[in-house]
Amino acid sequence: MTDPSTNMRLKLPITCFILQIILIILFGVLVQYDEDTDAKKHHHGNHSEAKTDMENDFYYRYPSFQDVHVMIFVGFGFLMTFLQRYGFSSVGFNFLIAAFSLQWATLMQGFFHGMHEGKIHIGVESMINADFCTGSVLISFGAVLGKTSPVQLLFMAVFEVTLFAVNEYILLSLLGTRDAGGSMTIHTFGAYFGLMVTRILYRPNLDKSKHKNCSVYHSDLFAMIGTLYLWMFWPSFNSAVTEHGDPQHRTAMNTYYSLAACTLSTYAMSSLTAHDGKLDMVHIQNAALAGGVAAGTAGEMMLTPVGSMIVGFLAGIISVLGFKYLTPILESKLKIQDTCGIHNLHGMPGVLGAIVGAVTASLASKEVYGEGLEKVFPGVASGNRTASYQGGVQAISLAVTLGIALIGGLLVGFILKMPIFGAPRDNACFEDSLYWEVPGEEESHEDQMTAVKTEESDTLNS
Amino acid sequence: MTDPSTNMRLKLPITCFILQIILIILFGVLVQYDEDTDAKKHHHGNHSEAKTDMENDFYYRYPSFQDVHVMIFVGFGFLMTFLQRYGFSSVGFNFLIAAFSLQWATLMQGFFHGMHEGKIHIGVESMINADFCTGSVLISFGAVLGKTSPVQLLFMAVFEVTLFAVNEYILLSLLGTRDAGGSMTIHTFGAYFGLMVTRILYRPNLDKSKHKNCSVYHSDLFAMIGTLYLWMFWPSFNSAVTEHGDPQHRTAMNTYYSLAACTLSTYAMSSLTAHDGKLDMVHIQNAALAGGVAAGTAGEMMLTPVGSMIVGFLAGIISVLGFKYLTPILESKLKIQDTCGIHNLHGMPGVLGAIVGAVTASLASKEVYGEGLEKVFPGVASGNRTASYQGGVQAISLAVTLGIALIGGLLVGFILKMPIFGAPRDNACFEDSLYWEVPGEEESHEDQMTAVKTEESDTLNS
Amino acid sequence: MTDPSTNMRLKLPITCFILQIILIILFGVLVQYDEDTDAKKHHHGNHSEAKTDMENDFYYRYPSFQDVHVMIFVGFGFLMTFLQRYGFSSVGFNFLIAAFSLQWATLMQGFFHGMHEGKIHIGVESMINADFCTGSVLISFGAVLGKTSPVQLLFMAVFEVTLFAVNEYILLSLLGTRDAGGSMTIHTFGAYFGLMVTRILYRPNLDKSKHKNCSVYHSDLFAMIGTLYLWMFWPSFNSAVTEHGDPQHRTAMNTYYSLAACTLSTYAMSSLTAHDGKLDMVHIQNAALAGGVAAGTAGEMMLTPVGSMIVGFLAGIISVLGFKYLTPILESKLKIQDTCGIHNLHGMPGVLGAIVGAVTASLASKEVYGEGLEKVFPGVASGNRTASYQGGVQAISLAVTLGIALIGGLLVGFILKMPIFGAPRDNACFEDSLYWEVPGEEESHEDQMTAVKTEESDTLNS
């Protein structure tokens, strides 16, 4: 299937090369190893006493980093393979924009909160943060899945990463917000940004591609690979950049129980909302993850195991209800065509997570946290702010995030609407063959056997 | 495919909601963070000297936990996708009952051996133990795969987790048995419990679904994803809850060599027992894992690398012979319909592992273990029991496990036989569409291309 | 499909059993736990002061080991499932020869550089090294994929592991070469060895199997599972056996950025070299990994993030150009039939990595590395050799590796050419059914539904 308007022969190579060369130049000028990755600094840094090898941040965070990395590339990538003829693009564009975004995010995040004497210092924590920012872009990708060219996606990533870093800077550095697992910075931001982009890119005639906007049996199984890796590693995601020790431990455990409870409420709601009680793969693939999103802010706090379970339980219910009743309304009334239902998986659960975080923060006290208060709420521990003030900051942060995401998505949507990017036509959405060499269908096994046997008799006869 | 008797519209939601609400209430009343997850306790616990962050148990065990977690959700889940039309249920019910079981196991195991002043204290070690208990339920699931409703499975999990915790308590707490990787507590227990359940649920007319009780090409590849993750991460499984330091290191290595040797004997036996020397995917998917099961008890002991290899080598042989010759006999003579052949992967290798563990324990000595004896056999190290006494205890533990598993499976089988649970009819087993919305078949690519082209010409003509 | 010449009924079992029994005997005679795995030594070794549990090498390296392990079994295994009818063999033979090779490599590597008083001491580092050596065999497997019997592959592994250990010994122990991620020892060696083997095994009539030497839609998605796991975990691969602390941290980060840049140049080149701008899955699956290969030697050095990105960027370009223009020439002119294009993924990027390593080493200085020089270039730090001498040694090591690989591949190729190994005939290559029981095709869902309904009405009528 070839269409001159979607031919990427020049557009994609030029975009990739220019972006990568810019990245290389900026890295050359700006980026340096941090204390724990530099051969010289690690041994003779400005420490009063030297770190042992085991105290290198690598050993605290690298296993979590690898889990997050799997979520970004396999988790998000395969989750989106549910479409019958968009598997190459789901995994492949996910791969491309993630590889770009993690480099760009290193610069943008470093620029806003990693500068030391004019240089960006990087190590395993910045790698995790870059992957986090990438995750936000991939969430937005879910909203426009099947309706965008790879060049459009790269440009979306350029802008979204930048805005992500701005929002993150405002929250974490200016406001002192706590959001270790990114209910606000990652999920709410990525979701509402993506929803606004897809709103601006609204296609009134998308039903021409309707027959391809659905799954087949094996594509749903591939998607479950994505779901399960996201589900299993979400405890690592939420705990990856918390403080060392008990906060990392506690966050992982809170997320574990939130997800487990969410899974049960998802199955219950999926069956309850189907007219014949049958489970819907869309719900299982997506809503069962909402418990991880919703524990993203409060996970590092003393949410308690039971608190985590209640949060996850509610997140699963909200998410399935969203898929069942809200998504059709968003499409018909608000003209928001949300391919993967990111509003249900990242949007609403992200907002829920932000609210839970604000409430939990406002209840923080020395009685509950003891000396550990310093690690979770340094401002409260030092007496600079009260817990209820911190709760208010958390709530304001949600509003800020929503605002930047929606306005950002609006602007970026209009940029992406320009015809030069080679978006697919309405009748060719959700189709790999526009941007990929697609192999032929599998011959039936019997045909192959016949072919071989024919050749064999040929050989024998000759 | 709709059948009123299997409609889950009310049964599944009600079961899930009630179970989850009970869990939430019990967690609220009983469960607390342990020393390493609580912000307050970690910093001002009842230590004479404070732990450093790196000494938090999280850093010793969390990477192993994540590997175990992958085995439970992806390993077991995908291993069972080998059936041509049961992939949604294999992965999906595995997901559901695992998410339930890990919560319920936290309570049951905590009740029996994690209580502190009336509260259950939880952290990464309890999370691993909960996953272990879940693994046992999933083993039993393998025996009844394709023949049970999700509600039946949830009820099976309720009872099996409870009995698992009782058996584990008797072994580990009362008898002082060593079984870090669970040859007895997890594999033998799960296998014989499941075999007894499937015996009670015997279906004389199961051959009506025979044409679906087999694999197709791609379903076998999906199953290999499960196999490989189980195989690769089994060293983490067996070492996840051993003592810190050399026992964890040694257990992982012993299991690594046991599995490698097992793989070679599995391939050899698979080819040898086929009339034309062709390898059978069922053997590769399952028997190659028997080396992990068989190293579950003795793995932490000074089994030596060569000892591990011999154990794995034997386990592979036994397992393939079981698939080839014993499974048909179990079905025809003993009326045990064991869908996944858990007797060959978990049953016999589990018993082998228990025996190897008993023998290895009885040979333990201060000469071999030095000061390390304390970590593996504290009773022997303290002089409270001799090594041969420990060996006897290990042997008795196998008998206790078999007894509780068989009697428990008998009782639970009868409970699950009640018609209210919505089990499939004999001619509708091994079929996803009973409990899942199943998408249509993939259109052939050529048809799609034609469709697109037709639309394209329509567009051009209009 | 049955062919007496390829019947493995006796050949495969005998080969597996004999090899495994030899391994067991040699392990029994030669192999012992090392200090960190032995219960006695860990606690009362010949340390002046005892190690804490956390200083056990297990906690420094086991997470990396597990990532490498996934690359070997899932990464390599699934990467090769791209062929439409060779998925069982790709994953299954990969599994078999890896399980053998890791045991044999333990002995060979231990013999050359792990002997202590006549015994081979093993622990997590030797496990990683054994997996590395296995990786080299699997690279060679990629060249002959589809054209060899499992017995041939096992014999190839026997010889290749041995030669790998010899080459590794010459480089690392005799010459003092630095090659932590194995650009030379693993990738260059495995690639040129495999290319020479496939050259000797040249099949002039391979086009008889041409129709099977290609992918189908879902086989390409399975292959992407392999690609992504290799890509994600390559930072762990390159850093797995570097010194503790900053070198491990730095290597992982350098590889991360090399891979990211490589991915963008791969996408650019894939689109640029296609006549209609469409991306080619072969490039994405393979060339995007070249950045990991090319960072294998210099990754642990102070390559800087920008240096890593430049290396990855070039590696991606070279690799796609190789697939597009060099592979056809190699086949037509040099009679090298390289099924997976290992020359493009491992060969040329490996050589590039070796050269980059030599240059980077020759620029090493106390100013840049500080006290950390000791960990990366102990010879230079101690003043025994200059940095430029080290650079020269690195360059010579490349030549040595190429020499041993090519001569070794030549000899082993001739051995494997003997007809007794049961290689497939020219018209039956790339076909699972020669060595595997292959299940029938999936019935269409509609047929199944009809079948079920028919049976249902039968039941109702009866």
Side-chain angles (χ1 to χ4, degrees), chain A residues 1 54-55 60 63 67 84-85 208 211 214-218 220-221 224 228 231-233 236 244-246 248-250 252-253 256-257 260-261 263-265 267-269 271-272 274 276-281 284 302 305-306 309-310 313 368-373 376 427-428 431 438 440-441, chain B residues 2 7-9 12-13 16-17 19-20 23-24 27-28 31 33 36-40 42-44 53-54 56 58-59 62-63 66 69-70 73-74 77 81 87-88 91-92 95-96 99-100 102-103 122-124 127 218 222 435-442 444-445 448-449 452 455-456 459:
Chain A
M1 180 169 181
M54 188 42 98
E55 285 166 336
Y60 287 99
D67 292 349
Q84 55 176 296
R85 271 285 149 181
K208 285 188 181 174
H211 59 292
C214 55
S215 66
V216 290
Y217 194 73
H218 280 158
D220 268 327
L221 275 181
M224 280 304 291
L228 288 177
W231 196 92
M232 295 182 301
F233 289 165
S236 303
H244 297 164
D246 60 283
Q248 216 171 344
H249 197 162
R250 182 169 61 247
M253 194 165 72
Y256 172 82
Y257 286 111
T263 303
L264 266 85
S265 63
Y267 275 79
M269 291 303 295
S271 178
L272 189 65
D276 54 2
K278 289 186 185 178
L279 295 162
D280 187 332
M281 262 290 166
I284 307 309
M302 290 289 285
V306 66
M309 287 163 74
I310 292 169
F313 186 72
V368 174
Y369 290 79
E371 294 297 316
L373 191 61
V376 185
N427 64 356
E431 171 60 49
V438 174
E441 281 304 292
Chain B
T2 304
N7 191 315
M8 293 284 117
R9 178 81 191 267
L12 183 58
C16 288
F17 278 135
L19 289 177
Q20 187 60 53
L23 287 167
I24 288 174
F27 263 69
V31 176
Y33 292 124
D36 282 2
T37 45
D38 191 295
K40 192 171 185 176
H42 188 52
H43 294 269
H44 281 270
D53 282 341
M54 188 44 95
N56 193 306
F58 183 78
Y59 301 104
Y62 188 70
Q66 274 297 1
H69 215 40
V70 171
F73 288 88
V74 165
T81 59
F88 289 12
V91 170
F95 190 15
L96 172 63
F100 165 72
L102 65 87
Q103 299 178 74
I122 60 174
V124 67
M127 288 159 68
H218 280 158
F222 278 113
Y435 302 114
W436 296 85
E437 296 287 348
V438 174
E441 280 304 290
E442 192 165 358
S444 90
H445 189 53
Q448 287 186 31
M449 290 300 90
V452 169
E455 284 184 63
E456 277 175 350
T459 315

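The sequence lines fix the lettering, A, B, ..., with proteins before strands; numbering per chain opens at 1. In this text the structure is predicted, and so the values were computed from the model without any measurement.
In this structure, the portions of B/Phe100 lying under 4.5 Å from any heavy atom of chain A include both its backbone and its side chain. Only the side chain of B/Phe222 has a heavy atom closer than 4.5 Å to any heavy atom of chain A. Only the side chain of A/Pro63 comes within contact range of chain B, judged by heavy atoms closer than 4.5 Å. With a 4.5 Å cut-off on non-hydrogen atoms, A/Val368 touches chain B through its backbone but not through its side chain. Contacts between B/Tyr62 and chain A at a heavy-atom distance below 4.5 Å involve the side chain alone, from C-beta outward.
B/Tyr59 places a side-chain N or O within donor-acceptor distance of the main-chain N or O of A/Gly245, the cut-off being under 3.5 Å. Using modelled atom types, one side-chain atom of B/Gln66 and one backbone atom of A/Met232 make a donor-acceptor pair closer than 3.5 Å.
Note: B/Arg9 leads B/His69, B/Met8, B/Arg9 in heavy-atom pairs under 4.5 Å with chain A. Comparing A/Val306, A/Leu279, A/Val376 by how many heavy-atom pairs each has under 4.5 Å with chain B, the most go to A/Leu279. Comparing B/Asn56, B/Val31, B/Leu19 by how many heavy-atom pairs each has under 4.5 Å with chain A, the most go to B/Asn56.
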Between A/His249 and B/Tyr33, is a side-chain contact (heavy atoms from CB on, under 4.5 Å) present by the stated rule, with each step listed? CA-CA 10 Å; A/His249 197 162; B/Tyr33 292 124; over 6 Å; no
For the pair B/His218 and A/Leu221, evaluate side-chain contact (heavy atoms from CB on, under 4.5 Å) and give the outcome as yes or no after the intermediate values. CA-CA 11 Å; B/His218 280 158; A/Leu221 275 181; over 6 Å; no
Check the pair B/Ile122, A/Tyr257 against side-chain contact (heavy atoms from CB on, under 4.5 Å), reporting the backbone distance first and the verdict last. CA-CA 11 Å; B/Ile122 60 174; A/Tyr257 286 111; 3.6 Å; yes
Candidate pair B/Glu437 and A/Asp276, rule side-chain contact (heavy atoms from CB on, under 4.5 Å), full reasoning: CA-CA 9 Å; B/Glu437 296 287 348; A/Asp276 54 2; 3.6 Å; yes
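Looking at B/Asp36 and A/Asp246, their side chains never come closer than 4.5 Å, going by heavy atoms from C-beta outward. For the pair B/Asp53 and A/Glu55, the minimum side-chain heavy-atom distance is 4.5 Å or more. Side-chain contact check for A/His244 versus B/Met54: every heavy-atom pair is 4.5 Å or farther apart.
Summarising the geometry of B/Leu12 relative to A/Tyr267, their closest heavy-atom pair is CD2-O, 4.4 Å, with the distance given to 0.1 Å. For A/Met302 against B/Asp38, the heavy-atom pair with the smallest separation is CE-OD2, 3.4 Å. Between B/Thr37 and A/Arg250, the closest heavy-atom pair is O-NH1, 3.0 Å. Taking each heavy atom of A/Ala268 and B/Pro13 in turn, the nearest pair found is O-CG, 3.4 Å. For the pair A/Tyr217 and B/Gly87, the tightest heavy-atom approach, listed with the atom from each and the gap, is OH-N, 2.9 Å. The shortest heavy-atom contact between A/Ile284 and B/Trp436 is CG1-CZ3, 3.7 Å.
If you take OG1 on A/Thr263 and CZ on B/Phe95, they are separated by 4.0 Å, rounding to the nearest 0.5 Å. Atoms CG and OH, on B/Leu102 and A/Tyr256 in that order, are 4.0 Å from each other to the nearest 0.5 Å.
Between B/Phe73 and A/Trp231, the ring planes are tilted. Angles from 30° to 60° get that label. In this pair, B/Phe17 and A/Phe313 present their aromatic rings perpendicular. The plane angle is above 60°, beyond the 30 to 60° band.
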